[in-house]
Amino acid sequence: MAKKKRPVIERDDVVVKFVGDSGDGMQLTGNMFSDVAALIGNDLATFPDFPAEIRAPQNTIAGVSGFQVHMGNSKIFTTGDLVDVLVAMNPASLRANLKWAKKGATILTDTDAFDEKAIEKAGYKQDPLQDNTLIDYNLVKAPITTLTKESLKDLGVDNKIAERSKNMFALGILYFIFNRDLKPSFHYYEQKFKKKPELIQINKIVLQSGYNYAETVEAIESVIQIAPAKMEKGRYRNITGNVATAWGLLAAAEKSGRPLFLGSYPITPATEILMELAKYKSLGAKVFQAEDEIAGVCSAIGASFTGSLACTTTSGPGLSLKSEAIGLAVITELPLVIVDVQRGGPSTGLPTKSEQSDLYQALFGRNGECPVIVVAASTAENCFYYAYEAAKLSLEHMTPVILLTDGYLGFGSTLFRIPKMADMPSIKPPLAEANDPDFKPYKRDPETLVRKWAIPGTEGLRHRVGGLEKEDIIGTVSNDPLNHQKMVDYRAAKVEKVADFIPEQPIDGAPEGQLLVVSWGGTYGAVHSAVKRLQDEGKSISHAHFHHIMPLPKNTEKVLKGFRKIIVCELNSGQFVNYLRMKFPMPNFYQFNKVQGLPFMINELTDKFNQLLEEK
Amino acid sequence: MAKKKRPVIERDDVVVKFVGDSGDGMQLTGNMFSDVAALIGNDLATFPDFPAEIRAPQNTIAGVSGFQVHMGNSKIFTTGDLVDVLVAMNPASLRANLKWAKKGATILTDTDAFDEKAIEKAGYKQDPLQDNTLIDYNLVKAPITTLTKESLKDLGVDNKIAERSKNMFALGILYFIFNRDLKPSFHYYEQKFKKKPELIQINKIVLQSGYNYAETVEAIESVIQIAPAKMEKGRYRNITGNVATAWGLLAAAEKSGRPLFLGSYPITPATEILMELAKYKSLGAKVFQAEDEIAGVCSAIGASFTGSLACTTTSGPGLSLKSEAIGLAVITELPLVIVDVQRGGPSTGLPTKSEQSDLYQALFGRNGECPVIVVAASTAENCFYYAYEAAKLSLEHMTPVILLTDGYLGFGSTLFRIPKMADMPSIKPPLAEANDPDFKPYKRDPETLVRKWAIPGTEGLRHRVGGLEKEDIIGTVSNDPLNHQKMVDYRAAKVEKVADFIPEQPIDGAPEGQLLVVSWGGTYGAVHSAVKRLQDEGKSISHAHFHHIMPLPKNTEKVLKGFRKIIVCELNSGQFVNYLRMKFPMPNFYQFNKVQGLPFMINELTDKFNQLLEEK
Amino acid sequence: MDYVNMTVERSNVQLSKADFESDQMVKWCPGCGAHAILAAVERVFPKIGYRKENFCMVSGIGCSSRFPYYVNTYGFHGIHGRAAAISTGVKIANPRLSVWMATGDGDSLAIGGNHFIHIIRRNVDINILLFNNQIYGLTKGQYSPTTPMGKITKTSPQGTIEHPFTVGELVMGAQGTFFARVPDNNINLMTEAMFEAARHDGTSIIEIMQNCIIFADKAHNDITGKEVKDETMLVVKNGEPMIFGKNRDKGIILRDTHLEVAEIGKNGVTLDDILVHDQYNQDPGIQLMLAKLAPPHFPMVFGVIRSAMYPTYDDLVEEQIKYAKETSEIRNVDDLLNSGDTWEI
Amino acid sequence: MDYVNMTVERSNVQLSKADFESDQMVKWCPGCGAHAILAAVERVFPKIGYRKENFCMVSGIGCSSRFPYYVNTYGFHGIHGRAAAISTGVKIANPRLSVWMATGDGDSLAIGGNHFIHIIRRNVDINILLFNNQIYGLTKGQYSPTTPMGKITKTSPQGTIEHPFTVGELVMGAQGTFFARVPDNNINLMTEAMFEAARHDGTSIIEIMQNCIIFADKAHNDITGKEVKDETMLVVKNGEPMIFGKNRDKGIILRDTHLEVAEIGKNGVTLDDILVHDQYNQDPGIQLMLAKLAPPHFPMVFGVIRSAMYPTYDDLVEEQIKYAKETSEIRNVDDLLNSGDTWEI
Ligand SMILES: Cc1ncc(C[n+]2csc(CCOP(=O)(O)OP(=O)(O)O)c2C)c(N)n1
Ligand SMILES: Cc1ncc(C[n+]2csc(CCOP(=O)(O)OP(=O)(O)O)c2C)c(N)n1
Ligand code: SF4
Ligand code: SF4
Ligand SMILES: [Mg+2]
Ligand SMILES: [Mg+2]
């Protein structure tokens, strides 16, 4: 086949998904592909789609591993509903992902992987490359394994190693399709394989061969170009929500002058925060991998008593286990940041899938009257800022804060404009001063109702705290009825008062109208995109996305009152909407819920919104 | 002083409280006193008022132990707001309890205990028996210790033992005041001290001496008579809520044919249920004192899988710890009864005090979408019936049930009309039959959505369940998005469907009117009494007391809609009212809350109700 | 075959491997040591002789804890760390079941440590297969309470600073009555230990040195690897001298207060000097020392190290119930309701 | 006084008992053994020589756990069972504090069992006063994991059917480095053990045989009672032979693989045959056997039974941080944010 110059098609945004067997290196391929997109200035969001098993049997549906990239020439809000380009390395991955491909999507397959056994294992009756299965798509069939091996023949590389680089061959084809420069990837190989120079050569050759091969493929009728996005000037990086969360905590520790302590127990999808923080002992972070979640939170409480910015990270089942201890932090009025990277429940549920079903637990899941601050991040990138905010509120208001993120945010990545620490807001914990003659453990700042933090080792402040009800001001144990009422009220008022220190709730769109769409947490991108689409169509629709959940921003009621209907969209059965119903007795709440371990699709949202806009 | 015949005053109801040092035997005295009242046919309710410490230092306020009895000639609903007769064995107990005495109440004190040291320890500046402290009361000053010793002089009993029976001397005085027969107490001594006959004699003499002495006391100007209450015919006993709960579970086990398993860890105020059940191995109850709360609930889940009526009993902090495991029972759809005897929170809080602040936790305190049935008992006696009901619902609907009681119900006692087991409603768990060829672990009864219970050891039903999301019908592990949605919806619908099997919500009073008072759980007596009082005054007020909380009775909305205003009264900061607000978007909910570790007083309720009735 | 625990109902027919094979796809990584453990269980269950409906398999969470799905018995896949508590409930509720627990070093020694030591202390008659791969597999490679000190893992980039448990020591410190250690690469040793565990009336711990090929590959290789194992593994058998080595010329002797390796034939040491293994010894002293032995100075001991008779919790529950039923006047709930002080109105 | 752990800041002035007395009313029952333990602590703290602000007392829940209120130090009254986890956080956060934990047999061995074995395994430098009264005191008399089998309590009306832990065995099974056992009726033994615990760098467990006068009165009397104690208590001292008895004529010897009581002067036994106590022995073999001894055939062993050197978790944390600070290029969060792949737009 002859090489020919292809027409270049400009696209605003494109969704690409790499899928294959667990061992096929799809995560790496996807990451390299998105790094290059980022480098040329596209905005992007990515999401890995792990199998629930570590290595499920080869060529099975259960063993499919995927990586999705959404890139564009303007701000990217989601990882994309449907896929424009699907790279499917074997029949199982094709079968599991075809439903996500747009009509007419380009599908690149490794024909070598479509042998009888693999086709059968995937559950196909016959070879989908031969029958009508893919008739609606632009199919690129390439014998990728064979070609990879061939490209390395001269080097005398053994077949196994050659086979393992077939993902780079596929990546080369994609680079051709997207008109990408190969140099950044060459540079990457040089960095990564410093100690194994033979691998640098192998990967370079394979990548280049894929690229060259693509030039000869007729099915590739055009190449796609995506212009750089207009982004705020600055230094950028790609970041996942879990890493951003970890870094936000480190930033808050530095800013507040309080050493970071993390007490955690691994749990999907929160483990990466623990693993990330374990790397930064050079920043003084003390990271304690506890024997269980209870020890994780209790060690953090001990460290908080001792003056640290104390944190614990977990997911739903772990938050359940920590609930008793969080009550202890509430009554001892100590700072504590609890990060819950939500996953599918109940119980062990769907550990590798994402949902928003821990909100009830975060708000209400403790014995007694036990209020805490609850905030939620909404993008991978702003996990950094909300982790920072959670720490700031906790330290300054001397009370536990639960930060809700979720598996999508945690594993997904977006671009992150790197802030300067000097520009981050100050954090001023209310430390008691040595030998302060007026120090009383439960004396409160009248404005914030916050008590002072007297750190062990400080002269002249020896005192005792604990889980029994405290006597107002002096902090000794008290069984007095009116004192109990007072302390219960103080603890609630202290949290409510946080509303004086957080921003008002913004509205995206007009402050009054037919329909207000309400969302919170990790659904921001999809809901925003759906609302935008209808706003562009001139519909009377606005969007309020909540980051502060307990307390709610002060103007919340005003925001809600501006609309004839309010629809609250959540990836649960209606937890935030019920919470709003508690607070605001309004008859016009509607809800849109999905509990499938999947994010919202923009279309299902716009359908619902249109329906509400049309109904009386 | 000469003996004289006293006028007999008929009273409808009287509240008596015995208070003294921890070692003074006030619990026993109170119990004996109330048993006699019960025997002559008074209705009654009792409540012990333990110190938080086992034996706080003698003569301190912290060490005061009390026992309150409310008895009357008609149905008794509370243990009484204020006290008619206070027996105070030392200065500290007087000081701690005087605020509960009605103006004009009779106060009996042991003057021997009012020495300088004890007076000072109690925090009095001077002897309250000598100054004006007790001017508003009918004070009966008796040198009880001295008289007790004297009465035993002839027997040559040593002083220590003599001193220890001074409570019986006081009881003798009370028997005189209340015109009681001494025989039942003599009989009691004979039973109790079978093995120590000398104690029978001692106690009899002291009791009689007290009685005789009272005849000579001028301050006792009259004796009180309370006519027997008109109660339904039947056999009666006195029962505490904790014992009633334990027995209700035993009854449900017998009726359902499922052996009882209890996995529990001691915690105040729930421990008595565990201790009580540990006694009935003869009924086949298997009682496992676990190493912690988590092992308690998890062992119960194991036993439930194995075919037992499995239960776990705890209080707030323990419920927190059990929350993860309760989710496991939800997703495995196994019966499990969780009893939460609520106490003061948050955290360790006020462990010996009662409140209703675990409702949120019961409803919402688990990760994921995790609905359970929630019911609440409202009197010591009906703890039996609601424990039975909880077990019945759990067994028949194959889902966990949380039964909420509280410290007041648990420790308090009321009379209990003994039912016949033959009259108790049937309990029919949905057992799978051996070798049923159609058995599928998650196949549901279309009417109830309940799956079958296939018990290990049964031929032909081997299957596996667990905490990962289940595939509809077959019950294998499934990550399928739509299946997850379906199962989440099934679990919710199954619990909602329970509403078809529970009684409608009754209204006490007219079904329409100005004010509906709503309450739930252990506040029944006080709220009922307050409403009754206003109803008797002709006010437009009704009362709906909820026992079924999740799901709510089907007619709940209708009940609420009949009134201009609704006030929800709770011993927390407003958990049930917020739950109702979630369910019913009505603007006319008011709330009355108290978080003091104390029950409602009838007066504070009527004040509030009157205010609402008067306001526009 | 010979005596097995008589509480459990026996099968009338001879069962085979096929009776215990489940229809679920086995989802462990290719090459994972867990596959061999499954094979051993499928081989030993039919031999034990119980009714197949009376086997109950319980687990927590982890790679190892997926085990119940792969065996066709009654099975319960619990939550992380709680398998021992769940098993305890199963066994107390129905002592006629043969309860097997599959668990990992994280599941039973990290989050589940408390239930683990308490089930052992109570001596509930459960057979525990502890897959010790020295790593958290399912969560992808964090160190566990058995990871050797200094090891670099995903949560210990500078090497762990935690002193690991030795499972056998912990078991005996918790008053354990049965402890065996086996490698995942020797199906005969595994099945023998499992069979003995089934026979043992009480909590039986079988520590299986399992390879996690993905996150801690070859963690046990220095001990159980083909090339070294003759010198690094001492397989004990009851009543036999503790001999090892390629030429079976090394043995364990007790000198003063501690164990030593001696070469038979050197320094006057004869076979008679070598300690003879007594797994039934009530006193755990020597067994504990054996459980602790490890290279470089000693071989690691495999096989059934301890198997002492002691009453089981579940038997005692039944005894107390039996006694209560024989002696109590309260025989049904009507009796109970009418017991003590009551009166007629 | 002599060497104490150097991590903790020392006091410039000589402190006294008064420096540690709190103003709170002590609310234990009159006659409770806890009072004596408080007296011992108030006596030993000033002697240890640390700044008074650097003492931190942590507890769980139980009668014993009210301890922090009664000592004037920084104090934290935690939740039931979690004192060890809280203490771990305190010590890691600030290793210059001297952290003391007051706990009960229920608090640390029932609900807190997991944190207990893990703090020991990690060897976090905490001093643990374990009030072993063989009962749940605060909840009024249920059996605990140390209640002797057969004992009738509020939850065991027919007698317990649970085999109790022996604290020393559990400690050593969990790789413990320090274990002492003392009676509550001997303040000198208590203060000596506490002082040694303070000196020991690592987790120090002091099991105090404490009397609960209300719910388990005289539980230890058969061993620590005045009338019997000469024959039933063996107080070990490092470097000294293990002798006991009214006439100090009995001692412990090792015969074959187990310990025995021998009478000096009988059957040719001389003082030289008696085992000499070595608390610093790394190998816990003999120490473990000692911890297990109990009447009727043996005395129970008191004093510091084990005190072995081993790196502490908290020291290793500091070392890794120090090393990382010296070697890493990431010295502040700006460095971190700009590390790795970044680009300018
Ligand atoms: C309450 C809770 N905490 C944490 C987890 C996450 N988790 C699942 S398995 C596991 C550890 C697995 O290690 P191990 O028990 O050794 O099993 P392996 O996978 O190595 O067989 C963890 C931390 C969880 N599922 N639940
Ligand atoms: C989570 C939780 N579970 C249970 C309790 C109840 N509780 C308080 S102390 C205690 C046991 C006390 O026993 P121990 O630790 O031996 O202390 P002691 O009172 O004997 O000193 C229990 C079960 C609690 N406070 N919190
Ligand atoms: S991750 Fe390790 S333990 Fe888990 S299945 Fe794979 S090889 Fe086995
Ligand atoms: S109950 Fe027992 S342990 Fe508690 S204070 Fe009283 S005597 Fe001491
Ligand atoms: Mg493992
Ligand atoms: Mg105790």
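FYI, side chains are in, hydrogens and waters are out, and symmetry mates aren't considered; it's all heavy atoms of this structure. No experiment lies behind these values; they were computed from the predicted model shown. Lettering follows sequence order; numbering is per chain, from 1.
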Report task. Determine the option with the most heavy-atom pairs under 4.5 angstrom with chain A, choosing from B/Ser573, B/Gly365, B/Gly327. Result -> B/Ser573
**Report entry** chain B contact via A/Ile326 - which portion, at a heavy-atom distance below 4.5 Å
**Finding:** neither
Requested in this report: For each of A/Glu324, A/Lys470, A/Glu469, tally heavy-atom pairs with chain B at distances under 4.5 Å, and name the one with the top tally.
Outcome: A/Glu324
Query raised in the report: What part of A/Ser478 gets closer than 4.5 Å to chain B, counting heavy atoms only: side chain, backbone, both or neither?
Result: backbone
Query raised in the report: Which answer fits A/Arg491, side chain, backbone, both or neither, if we ask what part of it has an atom under 4.5 Å from a heavy atom of chain B?
Result: side chain
Report task. Could you have a look at B/Thr332, B/Leu321, B/Val595 and say which one has the most heavy-atom pairs with chain A under 4.5 angstrom? Result -> B/Val595
Query - Part of A/Met586 within contact of chain B (heavy atom distance under 4.5 Å) - result: backbone
Report task. Supply the atom-to-atom distance B/Met582 CE to A/Met582 CE, rounded to the nearest 0.5 angstrom. Result -> 3.5 Å
Query raised in the report: Among B/Lys353, B/Arg366, B/Met487, which has the most heavy-atom pairs under 4.5 Å with chain A?
Result: B/Arg366
Query - Nearest-0.5 Å distance, CG of residue A/Asn367 to CG of residue B/Asp340 - result: 8.5 Å
Query raised in the report: Who among A/Gln485, A/Arg581, A/Lys486 has the most heavy-atom pairs with chain B under 4.5 Å?
Result: A/Gln485
Query - Interface moiety of A/Glu355 toward chain B, non-hydrogen atoms closer than 4.5 Å - result: side chain
Report summary line: Separation between CG (B/Asn483) and CG (A/Leu350), nearest 0.5 Å, reads 9.0 Å
Query raised in the report: chain A: which of B/Asp358, B/Val477, B/Leu319, B/Asn593 shares the most heavy-atom pairs with it under 4.5 Å?
Result: B/Asp358
Query raised in the report: Counting heavy-atom pairs under 4.5 Å to chain B, which of A/Gly349, A/Gly316, A/Pro585, A/Gly597 comes out on top?
Result: A/Gly349
Report summary line: CD of B/Gln575 to CD of A/Glu369, rounded to nearest 0.5 Å, is 4.5 Å
**Report entry** Which portion of B/Leu580 sits near chain A, non-hydrogen atoms under 4.5 angstrom
**Finding:** neither
Query raised in the report: Between B/Ser357, B/Gly345, B/Pro587, which has the largest tally of heavy atom pairs under 4.5 Å with chain A?
Result: B/Ser357
Report task. Could you tell me the separation between the CG atom of B/Asn578 and the CG atom of A/Leu363, rounded to the nearest 0.5 Å? Result -> 11.0 Å
Query raised in the report: Testing A/Ser347, A/Pro317, A/Pro346 for side chain to side chain contact (heavy atoms under 4.5 Å, CB included) with B/Leu328, which one passes?
Result: A/Ser347
Query raised in the report: Can you tell me if A/Ser323 uses its side chain to pair, donor with acceptor, with the backbone of B/Ser320 under 3.5 Å?
Result: yes
